[in-house]
Undergrad: 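Let me give you the structure first, and then I'll get to my questions.
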Amino acid sequence: MAPISVVLKRSLVLSLLLMGAQSIHAQSAADEIAKYREMIADGNPSELYEMSGEELWKKPAGPKNASLEKCDLGLGPGIVDGAAAVLPKYFKDTNRVQDLESRLMTCMEKLQGVPSESIIDAKFGVGPKKDMDAIVAYVVTHSKGKKINVSTTHPKEKQMYEMGKRAFFYEGGPFDFSCASCHGSSGKRIRLQDLPNLTTHDGAVAGWGYWPAYRVSSGQFWTMQQRLNDCFRQQRFPYPIYGSDVTIALSMYMAKNANGGIIQTPGLKR
Amino acid sequence: MKTSTMTLIKFYHLLFLGCGAIAMVTNVSAQQRPDSQFQKMMNSSFRTEGIANIDRIDQDPTQKFCSDPQFASSKAGAARALEIQKQNMASIKPPSDGKYIGDWKSGEAIAQSGRGATWTDTASTPIGGGCYNCHEIDKKEISYGNIGPSLWNYGKTRGNSQELIVYTWNRINNSKAYNACSNMPRFAHFKLLNEKQIQDLMALLLDPASPVNQ
Amino acid sequence: MNQQRRSLLKYSAVFGLMASAGLISVAQAEEWNKAAFEGKSLDDVFKSLGTSSPDKSAAVTLNAPDIAENGAVVPVGISSTLKAEQMAILVEKNPSTLAAQFFLPAGTEAFVTTRIKMGQTSNVYALVKADGKWSMALKEIKVTLGGCGG
Amino acid sequence: MSDPMRVRATEKDGIVDVKILMKHDMESGQRKDASGKVIPAWFINMLNVKANGKDVFNAQFGSAVSKDPFLNFKYKGAKGDKLVVNWIDTKGDKRTDEATVS
């Protein structure tokens with residue numbers, strides 16, 4: 001092992017030497033990326049989704065031909081303003097902790113008679129999920145500027161947070177990745193994309209507070225469910241079921257860590 | 001605070017050992033106990049899709065150990081880490097043809113690609129090394145990540161001793177042989193890259209003609 | 001290609017109807033400049049716009065980032081101190097060089113911003129026509145690979 | 001049927017700042033679907049904006065304008081101006097939306 005430690009010592013000195021030059025290089029690229037983001041921030045196509053979401057919210061639909069206007073997202077039936085800021089949350093009627101998407105599925109099932117399976121199993125970006133995207137865009141826009149304020153006082157909420165934390169560090173798959181592989185320390189990037197450290201308050205605000213978002217690379221509005229789905233895909237995990245407990249637990253972990261931060265959704269992402 | 005200390009150690013574990021700068025404050029002495037509620041949640045939350053089989057959430061000892069960062073960074077954890085590293089080291093095979101250095105041009109293409117092994121891929125989708133996702137390599141590529149250290153001028157500054165060659169080979173084959181909870185995938189262990197591909201990556205880092213060493 | 005041609009033909013017919021029904025003003029009904037949009041090189045497009053080679057001018061500003069985080073959406077703006085009547089955005093290395101052109105009646109500012117797709121790193125040109133003469137500004141925009149690449 | 005546009009127009013010092021977002025896939029004809037078949041080109045290629053019935057802006061797009069197109073321009077105008085925005089795409093689909101300058 002001796003030669004190796006020599007090599008490593010040398011590489012430490014080297015990386016210290018290189019650090020100066022490197023950070024300048026990375027800095028100018030980061031500045032330009034910041035300029036790019038600023039330029040596209042004005043005119044976020046999420047607004048288009050939000051507009052059709054508002055229509056879908058108010059329009060009678062489903063076997064029961066009812067609108068979603070009486071949906072209780074946690075602040076009482078029909079209250080949309082600020083609702084996304086308190087989710088995920090424990091709901092007495094379902095005896096579960098629910099995030100926005102799973103709660104909307106409950107409303108669609110109860111009020112409109114739309115079976116949840118028809119949404120869970122649908123493809124992203126089309127059909128019932130496309131409508132779900134729009135409704136989510138509408139709801140989260142009404143929490144823009146509000147403070148993230150999730151509760152962990154109910155035992156089920158507390159348990160969800162703890163399981164989310166554990167899931168965050170859970171390594172698996174052929175790449176040995178966990179959420180923490182990319183989002184467990186500060187100042188890291190993949191390619192040129194900054195990775196928020198979701199274990200810290202600021203990082204969690206930057207992550208949780210900016211999703212759902214319009215994603216420039218796919219030209220689609222992505223809900224948090226879809227964001228998590230693609231994280232697991234890149235992690236080389238099996239497929240997380242839409243609205244499943246692991247997705248809600250991770251949301252709870254991020255949201256709680258982000259408590260007090262300002263919601264910027266819908267965001268605009270690469 | 002604890003977490004960031006932990007991850008730093010994850011990344012620079014050996015560097016720290018080399019400098020004698022390791023400082024651990026923790027009272028955790030045993031690994032996280034299995035939690036049936038948690039396992040139930042994991043098992044019911046995922047399903048097989050394409051090549052991404054549900055059994056991918058089953059953990060091997062390395063993954064289990066690294067999923068508990070609090071224990072991994074404890075004193076008892078440090079001893080366990082050495083065992084894990086030993087196990088991983090034992091799985092590494094030297095090149096069957098004795099050749100360590102391949103073609104840097106193919107190596108660059110492998111380093112660029114982050115594809116493969118997801119449920120949107122097929123079993124025949126070539127798996128990339130995804131190296132630029134985390135490392136600076138050829139300076140001409142400005143879009144690189146920083147989860148791993150810069151590899152620019154890797155061979156030029158480190159030389160080409162047999163020790164370095166073997167170390168580099170081992171590190172690409174199975175990074176966990178040196179750092180139990182390295183963030184780098186075990187490319188040979190999980191058959192993500194074959195021998196030829198690893199030789200090509202070796203060339204990218206060590207061949208004096210590679211753009212990395214200009 | 002045939003498909004595209006057919007839909008273009010169909011489009012022309014519909015457009016003709018719209019123009020005659022007064023839905024789109026006659027002034028605008030100067031046709032979609034098919035030749036210019038099918039141009040495969042800077043020279044092709046310059047020719048279709050009725051110029052040989054526009055002069056570089058400090059009076060034309062191309063507002064765009066040096067690096068685009070994603071080639072699918074690259075913000076590009078043109079502004080000018082000239083009394084612009086027409087503007088165009090060209091991407092040298094795109095399959096079709098001309099990305100967009102704009103017609104500005106009197107009273108409209110010499111300013112426009114839009115978003116374009118770029119297949120790869122390329123020079124991007126901002127062209128401005130004022131008093132019948134074309135001027136331009138250009139810059140290279142680097143298109144980077146983003147994300148995990150999976 | 002095409003989705004509505006988002007048109008925002010605000011006046012300051014006699015200049016009206018107009019921002020338009022359109023919902024359109026803007027298929028370039030360069031992309032392939034999952035089975036490897038080329039997705040035919042289909043994009044908005046003409047746009048007209050009138051203020052109080054008078055042309056203030058005309059655009060012609062090629063296949064390289066991004067999905068969900070965005071436009072920002074400025075003209076000399078006043079609060080209360082009635083804006084009418086029209087687009088038409090290469091299949092002849094069209095859309096008209098209105099806005100009032102605030």
Side-chain angles (χ1 to χ4, degrees), chain A residues 2-12 14-15 17-19 22 25-26 28-29 159-160 162-163 166-167 169-178 180-182 184-193 195 197 199-200 232-241 244-249, chain B residues 3-4 6-8 10-12 14-15 17-19 32 35 37-38 41-42 44-49 52-59 62-64 66-69 117-120 132-134 136 142-147 149-150 152 157-158 161 163-164 167 176 178 183 185-186 190 192:
Chain A
I4 285 154
S5 72
V6 172
V7 167
L8 287 166
K9 259 186 201 165
R10 211 187 296 160
S11 73
L12 174 64
L14 209 115
S15 38
L17 283 174
L18 281 173
M19 228 174 261
Q22 232 181 21
H25 185 59
S28 69
Q159 187 197 27
M160 222 30 160
E162 291 302 333
M163 296 218 286
R166 197 159 173 157
F169 291 98
Y170 190 91
E171 271 191 18
F175 279 31
D176 295 331
F177 286 164
S178 69
S181 304
C182 288
S185 60
S186 302
K188 296 296 173 194
R189 305 195 314 257
I190 283 208
R191 291 283 185 168
L192 284 173
Q193 274 68 57
L195 301 163
N197 179 356
T199 67
T200 65
F232 278 123
R233 190 181 67 84
Q234 300 278 13
Q235 257 173 267
R236 274 73 183 177
F237 264 52
Y239 195 95
I241 294 161
S244 62
D245 277 350
V246 78
T247 61
I248 295 167
Chain B
T3 321
S4 67
M6 179 276 298
T7 31
L8 258 181
K10 257 176 110 168
F11 293 126
Y12 295 116
L14 274 178
L15 301 182
L17 277 177
C19 303
Q32 205 171 46
D35 173 342
Q37 278 278 22
F38 178 77
M41 175 183 84
M42 294 300 281
S44 65
S45 291
F46 293 92
R47 63 168 170 82
T48 295
E49 169 86 10
N53 198 280
I54 183 76
D55 67 12
R56 287 186 178 191
I57 57 168
D58 299 342
Q59 296 178 311
T62 303
Q63 292 170 338
K64 198 168 282 173
C66 297
S67 297
D68 182 0
T118 74
W119 65 68
T120 48
Y132 281 100
N133 286 356
C134 298
E136 180 183 37
I142 57 164
S143 179
Y144 61 87
N146 65 358
I147 291 178
S150 172
W152 167 247
T157 50
R158 291 169 179 79
S161 67
E163 287 92 334
L164 178 77
Y167 165 74
K176 270 92 175 168
Y178 297 95
N183 278 306
R186 291 172 281 177
F190 282 112
L192 304 173

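Letters A, B, ... mirror the listed sequences (proteins, then strands); counts begin at 1. Just the heavy atoms: all of them, side chains too, but no hydrogens, waters or symmetry mates, feed the values below.
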Undergrad: By a 4.5 Å heavy-atom criterion (distance strictly below it), what part of D55(B) contacts chain A: side chain, backbone, both, or neither?
TA: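 Neither part.
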Undergrad: Which one of K64(B), Q59(B), R186(B) has the most heavy-atom pairs closer than 4.5 Å to chain A?
TA: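 Top count of heavy-atom pairs under 4.5 Å with chain A: Q59(B).
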Undergrad: Counting only non-hydrogen atoms closer than 4.5 Å, does I57(B) touch chain A with its backbone (N, CA, C, O), its side chain (CB onward), both, or neither?
TA: both
Undergrad: How long is the span from the NZ atom in K188(A) to the CD1 atom in I147(B), to the nearest 0.5 Å?
TA: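 Spacing of NZ (K188(A)) from CD1 (I147(B)) equals 7.5 Å.
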Undergrad: Please report the C-alpha distance between S45(B) and T247(A) in whole Å, then the side-chain angles of each, then the deciding distance to 0.1 Å, and finally whether the side chain to side chain contact (heavy atoms under 4.5 Å, CB included) criterion is met.
TA: CA-CA 8 Å; S45(B) 291; T247(A) 61; over 6 Å; no
Undergrad: What's the separation between atom CZ in F177(A) and atom CD in Q63(B), rounded to the nearest 0.5 Å?
TA: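 Spacing of CZ (F177(A)) from CD (Q63(B)) equals 11.5 Å.
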Undergrad: Are the side chains of P238(A) and T48(B) in contact, using a 4.5 Å heavy-atom criterion?
TA: no
Undergrad: Are R56(B) and F237(A) in a cation-pi setup, meaning NZ or CZ lies under 6.0 angstrom from the ring centre and within 45 degrees of the ring axis?
TA: no
Undergrad: Just give me the residue among A52(B), S44(B), S67(B) that pairs up with chain A most often, heavy atom to heavy atom, under 4.5 Å.
TA: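 Heavy-atom pairs under 4.5 Å are most numerous for S67(B).
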Undergrad: Tell me whether R189(A) contacts the main-chain N or O of Y144(B) through its side chain, where contact means a donor paired with an acceptor under 3.5 Å.
TA: yes
Undergrad: How far apart are the closest heavy atoms of F169(A) and P69(B), and which atoms are they?
TA: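 So the two residues come closest at CD2-CG, 3.5 Å.
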Undergrad: Please round to the nearest 0.5 Å and tell me the distance separating atom CZ of R191(A) and atom CD1 of I142(B).
TA: 10.5 Å
Undergrad: Parallel, tilted or perpendicular: which fits the ring planes of Y170(A) and F38(B), with parallel below 30° and perpendicular above 60°?
TA: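 Plane angle between 30° and 60°, so tilted.
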Undergrad: Can R166(A) and D68(B) be counted as an ion pair, charged N to O under 4.0 angstrom?
TA: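 Salt bridge absent between R166(A) and D68(B).
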Undergrad: For the residue pair A117(B) and F175(A), what are the closest heavy atoms and their distance?
TA: CB-CE1, 4.2 Å
Undergrad: At a heavy-atom distance under 4.5 Å, which candidate from P174(A), S244(A), C182(A) has the highest pair count against chain B?
TA: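 Most heavy-atom pairs under 4.5 Å with chain B: P174(A).
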Undergrad: Which one, I248(A), D245(A), V246(A), L195(A), leads in non-hydrogen pairs under 4.5 Å with chain B?
TA: V246(A)
Undergrad: Quick check on K176(B) against chain A: is it the side chain, the backbone, both or neither that has a heavy atom closer than 4.5 Å?
TA: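 The side chain, not the backbone.
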Undergrad: Nearest 0.5 Å, what's the CG-CD distance between D35(B) and E162(A)?
TA: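 Here the interatomic distance stands at 10.0 Å.
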Undergrad: Could you look at F190(B) and say if it's the side chain, the backbone, both or neither that has a heavy atom under 4.5 Å from chain A?
TA: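 The answer is the side chain of F190(B).
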Undergrad: Taking the side chain from N146(B) and the backbone from G187(A), do they hold a donor-acceptor pair closer than 3.5 Å?
TA: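 Between the backbone of G187(A) and the side chain of N146(B) there is a qualifying donor-acceptor contact (under 3.5 Å).
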